[in-house]
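Letters A, B, ... are given to chains in the order of the sequence lines, protein chains preceding strands, and every chain is numbered from 1. In what follows, every heavy atom counts, from backbone to side chain, and hydrogens, waters and symmetry copies are set aside.
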Amino acid sequence: MRLSALTLLREAFSPERTPVWRTPEPKPAYRVIIVGGGGHGLATAYYLAKEFGVTDVAVVEKGWLGSGNVGRNTTIIRSNYLLDGNIPFYEHSMKLWEGLEQDFNYNAMVSQRGVLNLCHSDAQRDAYARRGNAMRLHGVDAELLDADGVRAMAPFLNFDDARFPIKGGLLQKRGGTARHDAVAWGYARGADLRGVDLIQNAEVTGFLREGGRIAGVQTTRGAIRAGRTGVAVAGNTSRVMAMAGFDRLPIESHVLQAFVSEGLKPIIPGVITYGAGHFYISQSDKGGLVFGGDIDGYASYAQRGGLPVLEDVVEAGMALMPMIGRAKLLRSWGGIMDMSMDGSPIIDRTPAEGLYLNAGWCYGGFKATPASGWHFAHLIAKDAPHPVAAAYRLDRFRTGRTIDEKGMGPWPNLH
Amino acid sequence: MIIDHPLCGPRDAREFTVLGDAAWMDRPDPAAPDAAEAFHAYACLRANPAGVTRELWWHEHGDRSWLVVTRDTLSHAVLKVELAEDVARASKAAR
Ligand SMILES: Cc1cc2nc3c(=O)[nH]c(=O)nc-3n(C[C@H](O)[C@H](O)[C@H](O)COP(=O)(O)OP(=O)(O)OC[C@H]3O[C@@H](n4cnc5c(N)ncnc54)[C@H](O)[C@@H]3O)c2cc1C
């Protein structure tokens with residue numbers, strides 16, 4: 001069924017709810033299995049079917065679709081990167097976001113309300129000028145604002161703080177936010193309509209082997225065979241890949257928290273990030289202020305963080321926009337992220353034939369969802385990476401071809 | 001999270017910075033024939049267990065000693081805290 005205003009009206013008055021996707025029993029075998037029904041797994045299945053003509057696909061998810069990070073993130077989308085390996089990839093993602101809703105016929109509430117990174121010193125402004133120029137050289141929009149330019153957009157900020165005055169900012173107008181759950185649902189529906197089986201409540205507990213190659217997965221709902229198996233399980237990458245014999249990867253799992261205030265009238269014009277502490281904020285369409293900061297810093301699989309980070313985030317928030325002290329914090333939660341050793345992702349074949357890996361998204365994988373799915377689908381369908389994602393190799397840490405935006409080195413808790 | 005420091009007693013985790021995997025204490029031999037491979041694994045690969053793990057924590061805002069903290073990454077429970085110095089000495093003696 002194609003969704004439109006008319007179908008919306010009809011469904012609203014219909015006593016029955018039409019399920020958006022089927023709940024099929026797993027078949028014994030598929031051409032391709034994707035492990036993980038998060039944003040990246042669902043997008044991969046969607047593009048496999050739509051762009052690469054591979055429809056004999058199953059997505060195997062241990063919980064319900066979108067129960068992982070895709071439903072826990074702070075929904076920021078942007079392509080304001082510095083390095084060659086990253087900019088074309090994230091810009092491809094941004095272009096896919098721009099046509100996404102028409103493409104999969106679902107309202108993902110993509111809102112290009114702008115992403116503004118504030119700077120507080122001359123050195124930081126120089127760094128942003130450099131980043132903005134790198135973006136423009138790749139055909140990405142970027143604008144360097146002075147303090148007055150920022151004031152015109154966000155007059156409520158604490159401009160004249162004695163220690164960290166606001167000197168300006170780097171603005172990407174095409175950046176913004178999208179409704180995270182709807183992105184998962186839109187991809188799920190689009191994949192299902194094209195014949196992909198979405199298998200929920202099926203945890204992968206092992207891999208099937210044939211000679212040296214991976215020939216499918218063992219799940220809590222039985223064994224499922226496949227010619228090619230792609231793993232896209234975000235924070236659980238090390239756990240799942242260990243079952244395939246990869247007991248050490250360039251990944252460490254960490255918890256990132258997010259915070260939401262009560263609903264308020266529109267006040268924050270886009271996404272604003274603080275340059276003198278780790279704090280970023282936007283306002284959801286429901287009115288809640290959505291904000292966050294740093295990861296907790298220690299390895300974790302617990303899906304909850306501690307109070308010290310809350311204190312840090314709130315302090316930075318108060319320093320940047322003192323008015324935030326009047327808002328009540330409603331909810332907070334944590335998600336487990338696959339922090340890589342250079343802060344950049346991995347989309348690559350693995351040394352095990354038939355097994356493909358999509359991982360290392362750190363705290364920035366939501367914005368990458370469309371391109372990650374597209375390029376992982378390309379890799380699996382053609383057994384070769386597309387040039388735009390070719391730098392995201394698994395062995396780049398051995399060869400020294402890391403893509404380290406922050407220049408931090410192999411310290412996953414510092415990226 | 002409370003870290004039960006062997007010298008200072010129970011201290012708030014906020015006094016510490018986390019370096020990461022305690023495997024960092026076992027630096028490979030730079031003169032060994034497989035040194036390049038060993039250093040790649042040492043610097044860039046992690047076991048990343050869901051469960052018990054050993055990490056190096058530094059008591060930055062305290063006595064500035066290095067600790068080996070054994071923790072459960074699924075529950076955040078701290079299971080054991082040792083001075084890194086003692087751990088290093090014991091492993092040297094064992095070798
Ligand atoms: C608090 C927070 C804020 C964030 N903010 C942003 C942001 O503003 N912008 C941005 O770009 N990114 C952000 N991110 C990062 C982003 O959410 C992730 O990088 C991205 O969602 C990861 O990809 P995914 O959607 O496929 O992951 P997930 O949704 O986590 O999907 C992985 C799936 O794999 C499943 N799985 C795991 N193990 C198994 C198994 N054994 N068998 C079967 N299935 C399994 C899980 O249940 C899960 O559904 C944020 C993350 C967090 C936690």
Note to self: Please identify, among B:Phe39, B:Trp24, B:Trp57, the residue contributing the most non-hydrogen atom pairs under 4.5 Å to chain A.
What the structure shows: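 Counting heavy-atom pairs under 4.5 Å, the top option is B:Trp24.
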
Checklist line | Closest-packed option against chain A by number of heavy-atom pairs under 4.5 Å, given B:Asp12, B:Asp21, B:Val18, B:Asn48 | finding: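 It is B:Asn48.
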
Next item on the list: Ignoring hydrogens and angles, tell me if any N or O in the side chain of A:Thr350 forms a donor-acceptor pair with the backbone of A:Leu355 under 3.5 Å.
Entry: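 Confirmed, A:Thr350 side chain pairs with A:Leu355 backbone.
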
Note to self: Is it the case that the ring center of A:His375 lies less than 6.0 angstrom away from the ring center of A:Phe89?
What the structure shows: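 Yes: the rings meet the under 6.0 Å criterion.
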
What part of [X] gets within 4.5 angstrom of chain B, counting heavy atoms only: side chain, backbone, both, or neither?
{"X": "A:Arg239", "answer": "side chain"}
{"X": "A:Asp247", "answer": "backbone"}
{"X": "A:Glu311", "answer": "side chain"}

Next item on the list: Starting from the C-alpha separation in whole Å, work towards a yes-or-no answer on side chain to side chain contact (heavy atoms under 4.5 Å, CB included) for A:Trp361 and A:Ile347.
Entry: CA-CA 10 Å; A:Trp361 293 99; A:Ile347 304 178; 4.0 Å; yes

Note to self: With no hydrogens and no angle check, just 3.5 Å: does a side-chain donor-acceptor pair link A:Asn86 and A:Tyr392?
What the structure shows: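 On atom types as modelled, these side chains qualify, holding a pair under 3.5 Å.
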
Check: Pick from A:Gly306, A:Ala242, A:Ser340, A:Ser253: which one has the most heavy-atom pairs with chain B under 4.5 Å?
Finding: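 The answer is A:Ser253.
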
Next item on the list: Under 4.5 Å, counting heavy-atom pairs only, tell me which of A:Ser238, A:Gly400, A:Gly409 racks up the most with chain B.
Entry: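 The answer is A:Ser238.
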
Check: Aromatic rings B:His5 and B:Phe16: how do their planes relate, parallel, tilted or perpendicular, breaks at 30° and 60°?
Finding: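 Aromatic pair B:His5/B:Phe16 classed tilted.
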
Checklist line | Proximity breakdown for B:Arg46 and chain A, heavy-atom pairs closer than 4.5 Å | finding: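 It is both, since atoms from each part get that close.
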
Margin query: Could you check whether atom CG of A:Leu414 has more than 12 heavy atoms from other residues, nucleotides or ligands sitting under 6.0 Å from it?
Written below: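 It does: A:Leu414 CG has more than 12 such atoms within range.
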
